[in-house]
There are 2 protein chains.
Amino acid sequence: MSLYLTLKDEIVKQILNGTYKSGDVLPTEQALCQTYELSRVTVRKALEEMKKEGLVTSVQGQGTVVSFRKGAFTSSLEIIALVAAVHNPFFASFMEHFERVAEENGSLVLFKQDFQGQAFASHELYYRFIKKNIRNVVLWPQTEHIDFELLNRLRSIGMNLVLFDQLFETNVADSVGLDNRHAVTELYGQLRSGFEGEIIYIGYEGLNLPSELQRDQAFQEASGGKGRRFRIPWGGDVERETTALLLRLREEGVLPANLLCCNGPVGLAAARCLESFGWQDIALTVIDFLPEMAKYPMIVYQQPMREMAEKTYQRLIAQNNQGELWLPGRYPVQGEVLHVKGNGPQ
Amino acid sequence: MSLYLTLKDEIVKQILNGTYKSGDVLPTEQALCQTYELSRVTVRKALEEMKKEGLVTSVQGQGTVVSFRKGAFTSSLEIIALVAAVHNPFFASFMEHFERVAEENGSLVLFKQDFQGQAFASHELYYRFIKKNIRNVVLWPQTEHIDFELLNRLRSIGMNLVLFDQLFETNVADSVGLDNRHAVTELYGQLRSGFEGEIIYIGYEGLNLPSELQRDQAFQEASGGKGRRFRIPWGGDVERETTALLLRLREEGVLPANLLCCNGPVGLAAARCLESFGWQDIALTVIDFLPEMAKYPMIVYQQPMREMAEKTYQRLIAQNNQGELWLPGRYPVQGEVLHVKGNGPQ
DNA sequence: CTAGATTTGTCCGTATGTATC
DNA sequence: GGATACATACGGACAAATCTA
């Protein structure tokens, strides 16, 4: 490898591992010449490459500083990296649509399998992206423990980020996700207008993701603060926990009451429960549609996958075009109410 | 201006005016040094700028050649130039939507007023675009006399082009326009199912634009080759010519018959004619909606401006992302049938 | 296939201009 | 004004790739 590329790699490495932080002034060209025993031409060539890639900026009379960008990075949408649990059925559906949208527009989508958020939090992964000049990343955050500092560092050296599925209040990325207020309000309206009896919400305990909090809160608002909410622990066996909760509620006399389930797995577990115990006095509504749901009668709020994919792609376009003028935003999309008849288990 | 930028401008100028054509080998760095009496560093810096912009490519041991690209150019969508007759009401409507779509995604849209196609054919205009590194151009061709050679030369040095409103069979640009077959078929169906009597087509004489040809042909197909077609001369006073034609057809006994008008101005002229002569035995259908049409009863096929704008923008995205892999295409969009009641002239 | 000529790629030392502090 | 640091420019040298005789 040529001298100037070796030097460039050395400096990029130091920027990425924090030796030179965002906003720091690099050693002067003269100093770099002495440190690495290179001529000024070579040092300048290395710096020029980095300037071209937006990693540093130089001002005459002042020095060369590591880029510190609040805004987005003007790059190319040729390659987009998608970091997510690829085998999750919900994400698989999104992935399919997103890939179609991206490829219609000539973008190549690369996936990085994210097993339990390990890739999501991996410094190394993003460092490789930067080195390969991959500047567009779509993330699917499934945990509340997100290293926003890392994301912020990535943004500041020129990575465009879109968070998908959760509407975070953050200044490092655009987020595209379901309009949870709309979803809950629609389902609550369906239950209120079509069925008799109390409406209760079933959610997660100990899950602080925005979508769960927003749904919980929307339910409170829809019910005028009077609706009762019950929770199953996050991280356990959803099927078992849901069944246990419903049996307890039946014993305590809370049931029969109509159910509004916070997501697909909980809703599906509830549907199986109602089916097997023959509780036909309970109406079931769920946010998210899963294929297995076709067997059970319920009302589902279906996420508009194609629209979410388009909006996600559009946010990357916008970040690439707006550059420093970009401001982070939350982009909710609205789905549709689906009445599933239920053709019974096979 | 610095020496290397002056040299660069000089060479770019020669590429654009055809001194060096696409695929030609530039003089060697040594030769340029002698010709312009500059050091090799300076010459190389100028060439490097041009390489960065994709105007030339160089191979060691071989020389520096002027780029010859069949495909699109991978640039940035930060700036898009729109060359069109800005004050035309039809285009103004498109412009409004396009600007909205583009700015939602952070692109800046610049307009270049095109008076009777003069700007459209101006070498100078595009030269300036290239110099300012504006690589995305949307064109509204209103004449059949298009210098596709010029457009091809622009494409080959890295200009992305989208033709709007006409679906050309060309390999230099994507084209986005109305699905004329659908428009004519829909209107023909409306007349056949809702009204008695013959259906005749009114188009232009001597206008070889694709949209006119496609509409004429679609009418032939819809009518099974039996439908009579009449024409007014292109370029004259539409109002007067249309009135004259309709009066002649009445005299000759062709009218009463139901009308399918090729575009907005003709349709509007026909509507006024029917109104003033009180010919209520004639049903009127038109492709394109103009605001003044609200006064007259007619059936209009309305162009989907928002969708056209989105598709046009999407084609630019695709060209920028697909780069050399891009292949030109025709992208038709379908509109909707509008039943205008007509509230009478004020 | 080889040898030599050509052309770009990389690198060095040096000098002057210009913006910033 | 002076010191500092980047921007531009010059001349020279060798390496690597390519073409040609």
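Every chain is numbered from 1 and lettered A, B, ... according to where its sequence line falls, protein lines coming before strand lines.
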**Message:** Contact list please: residues 29-50 of chain A against DNA chain D, heavy atoms, distance less than 4.0 Å, in numerical order.
**Reply:** A/Glu29, A/Arg40, A/Arg44
**For the student: nearest non-hydrogen atoms of B/Leu150 and B/Tyr126, plus distance** = CD2-CE1, 4.0 Å
**Asked** Contacts to DNA chain D from residues 20-28 of chain B, heavy-atom cutoff under 4.0 Å, which residues?
**Response** none
**Asked** Would you say a side-chain N or O of A/Tyr4 is under 4.0 Å from OP1 or OP2 of C/dT10?
**Response** yes
**Prompt:** Taking all atoms of both residues into account, what is the closest heavy-atom pair of B/Val172 and B/Arg155, and its distance?
**Reply:** O-NH2, 2.7 Å
**Message:** Which residues pass the ring-ring contact (aromatic ring centres under 6.0 Å, His included) test with A/Phe98, not counting sequence neighbours?
**Reply:** A/Phe94
**Message:** Checking contacts here: which listed nucleotide (D/dC10, D/dA7, C/dC11) is nearest the side-chain heavy atoms of A/Gln60?
**Reply:** D/dA7
**Asked** If you take all heavy atoms of B/Pro210 and B/Leu167, which pair is closest and at what distance?
**Response** CB-O, 3.8 Å
**Asked** Does a donor on one side chain sit under 3.5 Å from an acceptor on the other, for B/Asp174 and B/Trp326?
**Response** yes
**Request:** Output yes when at least one side-chain N/O atom of B/Ser2 is less than 4.0 Å from OP1 or OP2 of D/dA7, else no.
**Result:** no
**Prompt:** Strictly by modelled atom types, are B/Ser107 and B/Tyr313 linked by a side-chain donor-acceptor pair under 3.5 Å?
**Reply:** yes
Distances under 3.5 Å only, N/O to N/O: pair up the protein atoms with those of nucleotides 1-5 of chain C.
none

**Asked** What pairs with B/Thr35 under side chain to side chain donor-acceptor pair (under 3.5 Å), at least two apart in sequence or on another chain?
**Response** none
Could you pull out every donor-acceptor pair under 3.5 Å between side chains of residues 53-64 of chain A and any protein atom, sequence neighbours left out?
residue	atom	partner	partner atom	Å
A/Glu53	OE2	A/Lys8	NZ	2.9
A/Ser58	OG	A/Lys51	NZ	3.1

**Message:** Can you tell me if A/Thr64 touches the phosphate of D/dC6, counting only side-chain N or O atoms and a distance under 4.0 Å to OP1 or OP2?
**Reply:** yes
**Prompt:** What class does the angle between the rings of A/Trp140 and A/Phe164 fall in, given that below 30° is parallel, 30 to 60° is tilted and above 60° is perpendicular?
**Reply:** tilted
**Message:** Determine whether A/Glu149 and A/Arg153 satisfy the following criterion, salt bridge (charged side-chain N to carboxylate O under 4.0 Å, His left out), listing intermediate values before the conclusion.
**Reply:** CA-CA 6 Å; A/Glu149 270 311 306; A/Arg153 196 133 53 102; over 6 Å; no
**Complete:** DNA chain C nearest-nucleotide lookup for B/Gln62 and A/Leu5: closer to the 5′ end is B/Gln62
**Item:** Intermediate values then yes/no, salt bridge (charged side-chain N to carboxylate O under 4.0 Å, His left out), B/Glu49 and B/Lys45
**Value:** CA-CA 6 Å; B/Glu49 285 275 312; B/Lys45 180 104 185 170; 5.4 Å; no
